[in-house]
Structures are given as structure tokens and as C-alpha cells.
Peer 1: 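Here's a structure for you.
Sequence positions, counted from 1, serve as the residue numbers for this chain. Only heavy atoms go into these numbers, but all of them, side chains included; no hydrogens, no water, no symmetry mates.
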Amino acid sequence: MFGCGMILKKSDGVDLNAFYPVRPECSDDSRKTRFKVKPGKTLSARKWHAAFSEDGQLDVAKVLHRIQRGGVHPSIRGVVWEFLLGCFDPNSTFDERNQLRQQRREQYGIWKAECQKMVPLIGCGRVITSPIKNDNGQRLNADKDCNGAVSSSSLDPSTGHGGLVHNTNEKKVTNWKLILHQIGLDVVRTDRALAFYESEINRAKLWNVLAVYAWVDSDIGYVQGMNDICSPMVILLEHEADAFWCFERAMRKLLIWAMEYNPNIYSMYEDTAVAETALKVDEKLLIKQCGKFEKEKVKTGHVDHESALAVFLVASVLETKNKTLLKEAKGLEDVVKILGETTGKLDAKKACKAALKIQKKYLTKTKQS
């Protein structure tokens, strides 16, 4: 997510490199970010704090406009992401959010303690990089080491948070233990140029979050790449539990959050009943509070939650590469190679604009049919 580390230039008298310091020996090889603070466009800490009412309600329309024009200043990126990802309702108060944050920290603590009972090294400031062995000193085997049921808890998909499902079988436990060393191997390779990960405590923080997530959401578990998604949240959010919940929401969306933002996202995640009976907001106000991608859906009355921005982004990339694909691709390997060449070279702004155009055409055709 951060690549080999980010070297940020000074802006407005602030050394942005201080937010993501790079290890001295890696500074020459670290890839520079394209991000620059744009005065009057970037969402600054001052504008962010000014967007809250006295009791803590957030004026979403104000901040979205700035985010989409100039991004988010690194000093507030973590707390802004919590809203963009739907961790908090923008209409909630400071007190309500503090209460919810505490509840979530307690729930994370319960899950983490549960994981510690099975693997005591979790939460001890260390990372496992070797396969876990059974009582006989042999590597665990998903088929041989599963012979009963255990009582445990996991993420309840019906609520999206905090719900417990009991009587998980031992196969789940074994499968979870089998991936812990793979998580560890990926963790020690994550953003190695950043000074943050020189500390094993910080590497362990990332490993804990990924390990606990793999336990509570066994349907997804863990795959390579999730470490890169989680890493920025662990860096930006000081409390491990806060990073976990932000990551959990990110795994539901994985995109360009500001463009897909809808003020109803919080209620949709928290409780399906609430989502179905959500208070009707004035359409003009709702459109102002939505990201660019969501605006088109609201305008056309399109409610298909499956047509995510990622689909249209892929379509836009394919559209730009269609001539090359038709001319040079002789098989699947060539297709993968050609599309792989876009890695690290994609102009996100152009791709998003193209995706929005394709989405508009799609929604227009859908409405006509």
C-alpha cells in the first residue's frame, strides 16, 4: 500500500516525511509519492475539525468535496478513513462515537484473548514465521489434526460486528493455525523501508490484527495482499483495535472510498433492519453528501449494491488496453502480462474519470431497460 515507503515533500511549512519516516539506508531506493498538499483543496486538520458541529455531527458534504479535489492531509488520514469506511455514522455525536469505540475495543479484546488461548504468542509483541507444530512436534495437518469440536466465537455475518457464533469445529482452529506463519512471513516483508516496522512491536501489531481477523472471519481468512491493505491502518491508528475495525470495513469495500461514500453506509453495515428502515433523507441533500460514484446511483434510483466502482475501474483499464490486447495477446499469459504492466503506472485520476463515464452509460441503459 505504501510501496517501498513514502518520501513526502515539505508543504505549508510542515515536513510531511515525518508522518512516514523512511529508514536512512532505504532513502535512496524509496519510491516517492505523487501526493502533494494542495492549499485550498486538500482536507486539512483545520477544515476537518471545523466540519463538526458542537456535539460532534459531521458535515460530510464539506469534507468530501475537499477529499475528492485534493486528498487528505496525512496528519488526519486515519480518523478520516474511519468515517469514509463506515466505522462511524456522520450524524453521531462525540459521546456516541466514544461509547461505540469502547465497545469495539472490548469486543476486539475478547477475540484476541480467544486467539491467545489457542496460540499464546498472539499479543506478546512477537511474530510467528515458522509453521505451528502439534503436540507430537510435527507440522499441523488439516486432515490429521482435526478430531473434534471446540467452543469458540467468530464474526456473525448477519450483524457485521460483535455477534458471536458458537461451537466452531476443530477444523477451523487447525486451518487458522496453519496460516499464521504465512501471515508472519508477509508481515516481515511489509513496507520494510519504513522506520515504523523496524520495531518488532509494530510488526506484531500488524500480525495480531491480521491473525484475529482471519479467526473471526474464517470465510475470507487470509490471503497475500491483505497485509498491504492493513498496514496503513496500523500505522495511522495508534490503538490496535481501532486499526482492526478500520481494516474490517476496508475488506468490505477495498476501493476508492471517498468516491463510493454514502451517508447511509454506517447503518447498512451495522444492522440490516436499520438499513431497511433508514430515515429518508431529502434527495438533494443526500446527493450532496455522496461521493461522485454514489451520486449517479442516487440520481438514477439505482440500488444495486453489487455494481461496485472496482467493476467500472477494471472496465476503464480494459478500454484503454483493448487495442494492445487485440493486437499482441495470443493467450491468457499475454493478457496477464499486458495488464500487469499497468501496476504502479496507472493514473488513478484518469482511470476514475473513465470509470465514472462508463458507469453513467451503464446506469442510463439500465434505467431505459
Side-chain angles (χ1 to χ4, degrees), residues 1-2 20 77-79 81-82 85 87 100-133 140 150 152-156 160-165 168 172-252 254:
M1 201 74 162
F2 281 102
Y20 313 117
R77 196 167 285 165
V79 292
W81 282 6
E82 288 184 300
L85 287 167
C87 292
L100 180 57
R101 189 185 294 278
Q102 187 57 37
Q103 289 173 354
R104 285 176 174 163
R105 288 178 178 180
E106 290 173 2
Q107 178 61 72
Y108 177 75
I110 292 170
W111 286 330
K112 188 176 177 180
E114 192 172 89
C115 291
Q116 283 177 314
K117 289 181 181 178
M118 296 180 285
V119 179
L121 280 176
I122 287 177
C124 294
R126 294 174 58 190
V127 176
I128 290 178
T129 55
S130 300
I132 293 178
K133 297 180 180 180
L140 285 176
V150 295
S152 60
S153 58
S154 60
L155 201 66
D156 185 344
H161 78 289
L164 297 181
V165 179
T168 306
K172 177 191 171 182
V173 178
T174 302
N175 287 335
W176 174 71
K177 288 182 177 180
L178 285 170
I179 63 172
L180 291 180
H181 81 284
Q182 182 59 60
I183 296 175
L185 290 171
D186 289 344
V187 163
V188 297
R189 292 193 289 256
T190 304
D191 295 325
R192 284 183 291 187
L194 295 184
F196 180 84
Y197 284 119
E198 285 186 290
S199 163
E200 187 171 19
I201 296 293
N202 290 335
R203 294 195 295 271
K205 183 179 173 184
L206 175 60
W207 184 67
N208 291 339
V209 170
L210 292 169
V212 174
Y213 180 84
W215 172 246
V216 299
D217 195 343
S218 56
D219 288 338
I220 294 179
Y222 175 81
V223 293
Q224 284 184 308
M226 288 169 65
N227 54 308
D228 292 316
I229 297 169
C230 188
S231 177
M233 293 150 197
V234 169
I235 294 171
L236 294 170
L237 295 167
E238 185 177 354
H239 201 288
E240 187 178 299
D242 297 342
F244 170 86
W245 286 107
C246 203
F247 173 66
E248 191 271 334
R249 292 302 195 260
M251 286 304 297
R252 302 180 186 220
L254 292 178

Peer 1: Let's go through W111 and W245 carefully: what are the C-alpha distance in whole Å and the side-chain angles of both, what is the deciding distance for ring-ring contact (aromatic ring centres under 6.0 Å, His included) to 0.1 Å, and is it a yes or a no?
Peer 2: CA-CA 12 Å; W111 286 330; W245 286 107; 5.7 Å; yes

Peer 1: side-chain contact (heavy atoms from CB on, under 4.5 Å) for L237 and C246? Distances and angles first, verdict last.
Peer 2: CA-CA 9 Å; L237 295 167; C246 203; 3.7 Å; yes

Peer 1: Quick one: closest heavy-atom pair of S231 and D191, and the distance?
Peer 2: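 So the two residues come closest at OG-OD2, 2.7 Å.
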
Peer 1: Working to the nearest 0.5 angstrom, can you tell me the gap between C115 SG and L121 CG?
Peer 2: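 Here the rounded value is 12.5 Å.
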
Peer 1: Going by side-chain contact (heavy atoms from CB on, under 4.5 Å), name the residues that satisfy it together with A204, two or more places apart in sequence or in a different chain.
Peer 2: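 Counting only residues at least two positions away or on another chain, A204 forms a side-chain contact (heavy atoms from CB on, under 4.5 Å) with V127.
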
Peer 1: If you measure from CG on N208 to SG on C230, what distance do you get to the nearest 0.5 Å?
Peer 2: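 That separation rounds to 10.0 Å.
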
Peer 1: Please answer whether the main-chain N or O of G125 pairs with a side-chain N or O of K205 as donor and acceptor at a distance below 3.5 Å.
Peer 2: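 Between the backbone of G125 and the side chain of K205 there is no qualifying donor-acceptor contact (under 3.5 Å).
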
Peer 1: Could you pull out all residues at least two apart from E82 that satisfy side chain to side chain donor-acceptor pair (under 3.5 Å)?
Peer 2: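 E82 satisfies side chain to side chain donor-acceptor pair (under 3.5 Å) with R101 once adjacent residues are dropped.
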
Peer 1: Are S218 and N175 packed together at the side-chain level, in the sense that at least one heavy-atom pair is separated by less than 4.5 angstrom?
Peer 2: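 Side-chain contact under 4.5 Å: no.
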
Peer 1: Apply side-chain contact (heavy atoms from CB on, under 4.5 Å) to Y213 and I220, showing your working.
Peer 2: CA-CA 9 Å; Y213 180 84; I220 294 179; 3.3 Å; yes

Peer 1: Salt-bridge test for E240 and R105: reply yes if a basic N is under 4.0 Å from a carboxylate O, no otherwise.
Peer 2: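 Here E240 does not pair with R105 in a salt bridge, since their nearest N and O are not under 4.0 Å apart.
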
Peer 1: The criterion is salt bridge (Lys or Arg N to Asp or Glu O under 4.0 Å); which residues satisfy it with R203, sequence neighbours excluded?
Peer 2: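 Salt bridge (Lys or Arg N to Asp or Glu O under 4.0 Å) check on R203 returns nothing, list empty.
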
Peer 1: Run the numbers on I132 and L180 for side-chain contact (heavy atoms from CB on, under 4.5 Å), then give the verdict.
Peer 2: CA-CA 8 Å; I132 293 178; L180 291 180; 3.7 Å; yes

Peer 1: If a pair satisfies salt bridge (charged side-chain N to carboxylate O under 4.0 Å, His left out) and one of its residues is in residues 193-202, list it, with sequence neighbours excluded.
Peer 2: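 For residues 193-202, and leaving out neighbouring residues, the salt bridge (charged side-chain N to carboxylate O under 4.0 Å, His left out) pairs sorted by first residue read R23-E198.
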
Peer 1: Just how far is it from atom CE of M118 to atom OG1 of T174, taken to the nearest 0.5 Å?
Peer 2: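 One finds 10.5 Å between CE of M118 and OG1 of T174.
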
Peer 1: Return yes if some donor-acceptor pair links the side-chain N/O of N227 with the main-chain N/O of T190 below 3.5 Å, else return no.
Peer 2: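 No.
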
Peer 1: Can you measure from CE (M251) to CD1 (I229) and round to the nearest 0.5 angstrom?
Peer 2: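 The CE atom of M251 sits 5.0 Å away from the CD1 atom of I229.
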
Peer 1: Could you measure the distance from the CD atom of E248 to the SG atom of C87? Nearest 0.5 Å is fine.
Peer 2: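 The distance works out to 8.0 Å.
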
Peer 1: With a 4.5 Å heavy-atom cut-off, do I128 and V119 have their side chains touching?
Peer 2: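 I128 reaches V119 side chain to side chain.
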
Peer 1: Describe, in one word, how the ring planes of F244 and Y108 are oriented to each other, choosing from parallel (under 30°), tilted (30 to 60°) and perpendicular (over 60°).
Peer 2: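 Aromatic pair F244/Y108 classed tilted.
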
Peer 1: Less than 4.5 Å apart, any side-chain heavy atom of M226 and any of V223?
Peer 2: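 M226 reaches V223 side chain to side chain.
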
Peer 1: What's the shortest heavy-atom distance between I122 and A211, and which atoms?
Peer 2: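 Minimum heavy-atom separation between I122 and A211: CD1-CB, 4.2 Å.
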
Peer 1: Using the test side-chain contact (heavy atoms from CB on, under 4.5 Å), find all partners of I179 that sit at least two apart in sequence or belong to another chain.
Peer 2: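 Partners of I179 under the side-chain contact (heavy atoms from CB on, under 4.5 Å) test: I183, A214, Y222.
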
Peer 1: Which pairs with one or both residues in residues 175-202 pass ring pair (Phe, Tyr, Trp, His ring centres under 6.0 Å), sequence neighbours excluded?
Peer 2: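 As it turns out, the ring pair (Phe, Tyr, Trp, His ring centres under 6.0 Å) pairs with a partner in residues 175-202, which skip direct neighbours, are W176-W215.
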
Peer 1: What residues form a salt bridge (Lys or Arg N to Asp or Glu O under 4.0 Å) with K177, not counting sequence neighbours?
Peer 2: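 Testing K177 for salt bridge (Lys or Arg N to Asp or Glu O under 4.0 Å), a comparison that skips the adjacent residues, returns none.
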
Peer 1: Mind checking salt bridge (Lys or Arg N to Asp or Glu O under 4.0 Å) for E106 and listing every partner two or more places apart, or none if nothing turns up?
Peer 2: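 Result, salt bridge (Lys or Arg N to Asp or Glu O under 4.0 Å) vs E106: none returned.
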
Peer 1: Taking only residues two or more places apart in sequence, or in another chain, which ones meet Q224 in a side-chain contact (heavy atoms from CB on, under 4.5 Å)?
Peer 2: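 Applying side-chain contact (heavy atoms from CB on, under 4.5 Å) to Q224 gives Q182, D186, R189.
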
Peer 1: Quick one: are L210 and F247 in side-chain contact, heavy atoms under 4.5 Å?
Peer 2: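 L210 vs F247: side chains touch.
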
Peer 1: Who passes salt bridge (Lys or Arg N to Asp or Glu O under 4.0 Å) against R126, sequence neighbours left out?
Peer 2: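 Salt bridge (Lys or Arg N to Asp or Glu O under 4.0 Å) list for R126, sorted by chain: empty.
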
